[in-house]
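Reading through the structure tokens given below for one structure.
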Amino acid sequence: MLFVAQLTVVTLDLVAAQCLQPGVPCMEFVPDTVRRIDILRASAALLPVGLVILLMHRLSTVSWQVSAPKTDKQQHSARAPMLPGANVVADPDTPALRALHIVAALSTVALVALGGPFVISADPRWLVAAALLAIALIGTVALDDPAQMHPDGKEKALRSVLGRTPRRALISTAVVLLCSVAFLPGPLAGELPGSGATIDAITGALVITCLAVAVLLAPAALLARPGWKACPPRLRPWAGGWMTAPVLMVACMLGNGFGAGLGLSVSKALGASREPGDPVLLLPAAYDDVTIFWGTTAVLLLAAGIIGTPWMLVKRWRAGRTDNDGPGGDGPDGSLGADDSIPDEVALLHAGRPADQRAAANAWKWADLQRRYSHLVLLVIAGVLAVSAALALVARVAELPGFAWSGWLVGVGVAVLATLAVGLLRMVYLAATKRDTARYLGVLCDLALFWPREAHPVVPPCYALKVIPELAARATEHLADPNTRVVLVGHSQGSLLAAVATARLLESLPEADRERVGLVTAGSQLQWAYPRAFPGVVPHASLRDLARALGGRWRSLCRGTDPIAGAVTTWNRQVYDGMLIGVGLRADGTEGPLPAATRGPTGALVLGGDHWLPDPQRGPFSCRRWVPGVLRHTDYSGDPEWDRAVAMAAGLETPVRGAALPLRPQTPTPAQVPTPAQVPATTQAPAITPKAPHLTAQGGDGGSLGETVEELVRKPVDNEETETARVDERATAAVPRQQDAKPRPEPSVLPEITEPRGRTAPWERGMALRSSDR
């Protein structure tokens, strides 16, 4: 309704009623004959609006033809699904919702032309438009949960009232109403009185709706708190599950600002004046409040940025100092550590490559900032918009002209609105002409169109309702061969599709066939974004159940340099005593501490189900893929670890504990430390150095480091006294350290992997894995 009302203000009010009225120096190329015929002016103005509504209707009637068996299994969104995306189902009320939206749009156009909603007119068309709007609003609110696939009682009665025949009757009445307004518009001599009233009514209804959603969500968020308060901070829902309210606020205010910016841009482009300073085209008075609102928003956002940016930088600087002061860093204990500007995980992942460490360190920090504070930025924007709306409302109600008409604030608001409108239109144009821009907009489109049409029926169809069942059906066909294994792989948004499809597939397969199904996600938001933004659809518990159902055959490729993706199955990671450790999902469906990370043949660190890829990649390796530079969110398939993850998800490869880090000698156990009884009494020899066991950092992971742990970390010493003192220090280090200590690795002594050696990896022995009859 807001979108169509703003288009009508531009076309019918600014252009037809004001710019094209006789005697106005605007668009002078239009002949006076056309200007004197109100029917032509009104029809030409309402034609593009009608075409936009028709386009939305035709676009929303498009539906997928799913070539997979249809299941009418009942789901209910009120229950937490056992597997991710279990309640992403088709909405049987979509046709009714679409019809109600189209009726509301057509009635809004008529209401703008007939005087607005606040002035009751004797024109019967006004009564028809008001009645249609009331039916559309009440019907939309009354429609039930889309996951209730088998309605009964009032649901059946409501769906019968909004059946196919009633829907056609409503749309036909609204179309006739619009045509009557186009052919019998009434006088078009100046600004339309219904424009400002309609914009005011819709904007006020949007603000009230945002407040209602915020109030109604608060008890639900508080009731859900016991379910997630024990989770680590990185796994908790954004805003405690209350994130829908600020997102709705941002969406409504952006839509309002875009329409006002479009109107301002058109008025400036077409504007002329009889006398200097006397404009011909006048926008509705409601747009003045929008201008003040966005001017205030710009000022408050600037103030928030000035205050918030130093706060975040100081917080990160203090956190970095705390990390570097522990044992293993260049802290007060005098131990040798890495560069303070390089995070521990970067130093360990790019061991032996100082140039790669420096290249990756900055990308890690910026990516971590984006993942950590992106939702906070959205909350700040929503809060600023709410405060600006309140200030604009108070200024208007209290009639504070000194505040409301401050020249500089109006100027800022006009500039912001014009920039918003022109910027969005330019982005759409670039998306049609440049592939990179289209890819960025495609990310937003993918996110919006993953969800069914319950919340936004006037959009293209939900592709998840086609991709997920067809993908599951295709995998089922392959699994009909008992010698076949199936691995579903998804990158970024595709990882959500792959996870939901895997969950549906496992739910339909017998127990024996589930062991031949695997999942690989790359650059996924399945931990830091989806469970936190949409906890009712992809809750953390559902990911844990999916990991248990896959039994260790869920592998996730991730990079610390990726700003819009991260780990999936692990959290609370840290480097301790040269090892990457953390907490995560286990194969048995539990959560807890995981074994220390293992190093893959090409340098990746495998912790639980997460494969942390070095970025930039190590190599190049002979006969393996290699992509130079810092890749961030792109080219995950170009990493040689991709093949290994697929093989592990297929059950053809497993991590081996023998390849575990650290790549330096561990603290000797009490059994290895010499006791006084082991030293001959007749000699006064120094402490005897125990011979450490011969450990080889290799395993069944398709390659090895080739050297022993001792050979990798051995440093040249000047004399035996230095070596003896070092042994004494190791013996003393047998006392357990504090749990909060985070020793930093020593990248200067860790090995540089130049070529993976060892036996041939299983994914490179395809012929040997095939049966003898093929």
Side-chain angles (χ1 to χ4, degrees), residues 80-86 227-237 345 371 487-490 495-507 514-515 517-535 537-560 562 565-574 576 579-598 600 604-613 641 644-651 653-657 660:
M82 295 302 295
L83 292 174
W228 53 259
K229 66 179 181 180
C231 295
R234 294 291 187 95
L235 302 182
R236 296 174 181 175
E345 293 175 90
R371 291 192 300 267
V487 177
L488 282 73
V489 185
S495 65
L496 178 59
L497 291 172
V500 176
T502 303
R504 300 278 178 91
L505 181 62
L506 294 175
E507 202 172 28
R514 295 180 184 178
E515 298 180 356
V517 176
L519 172 65
V520 174
T521 55
S524 176
Q525 301 86 15
L526 277 173
Q527 182 186 107
W528 81 272
Y530 295 139
R532 307 182 69 186
F534 315 109
V537 180
V538 195
H540 176 70
S542 68
L543 300 179
R544 182 181 62 238
D545 294 338
L546 179 59
R548 177 181 57 189
L550 288 171
R553 297 184 306 281
W554 182 2
R555 319 307 302 178
S556 176
L557 301 176
C558 45
R559 297 189 182 114
D562 194 335
V568 173
T569 65
T570 62
W571 55 90
N572 288 353
R573 293 170 304 278
Q574 61 177 311
Y576 179 80
M579 297 181 293
L580 178 62
I581 59 177
V583 181
L585 303 178
R586 295 166 173 166
D588 58 357
T590 60
E591 300 177 4
L594 299 170
T598 63
L605 296 180
V606 182
L607 178 65
D610 289 342
H611 297 238
W612 286 93
L613 308 180
E641 188 71 12
R644 181 170 177 253
V646 172
M648 294 171 68
E653 182 73 11
T654 56
V656 177
R657 294 294 301 277

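In this text the structure is predicted, and so the values were computed from the model without any measurement. Note that these values count all heavy atoms, side chains included, but never hydrogens, waters or copies made by symmetry.
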Do any N or O atoms from the side chain of Arg514 and from the backbone of Gly551 form a donor-acceptor pair under 3.5 angstrom?
no
Hey, does the side chain of Arg559 reach the backbone of Gly523 with a donor-acceptor pair shorter than 3.5 angstrom?
no
ring-ring contact (aromatic ring centres under 6.0 Å, His included) partners for Trp228, two or more places apart:
none
Quick check: closest heavy atoms across Leu488 and Ala498, and the distance to 0.1 Å?
CD2-O, 4.1 Å
Decide yes or no for Gln525 and Leu496: does some side-chain heavy atom of the first lie under 4.5 Å from some side-chain heavy atom of the second?
no
Side-chain ion pair, Glu641 and Arg644, N-O less than 4.0 Å
yes
Where the side chain of Glu591 meets the backbone of Val583, is there a donor-acceptor pair that is under 3.5 Å apart?
no
Distance-only, no hydrogens or angles: does the Arg234 side chain make a donor-acceptor pair with backbone N or O of Asn572 under 3.5 Å?
no
Kindly write out the residues that satisfy side chain to side chain contact (heavy atoms under 4.5 Å, CB included) with Arg586, not counting sequence neighbours, or none if the list is empty.
Asp588, Thr590, Pro593, Leu594
Asp610 side chain to Thr570 backbone, donor-acceptor under 3.5 Å:
yes
Answer whether the closest heavy-atom distance between the side chains of Leu506 and Leu546 falls below 4.5 Å.
yes
Could you check whether any side-chain N or O of Arg555 sits under 3.5 Å from a backbone N or O of Ala647, counting only pairs where one atom can act as donor and the other as acceptor?
no
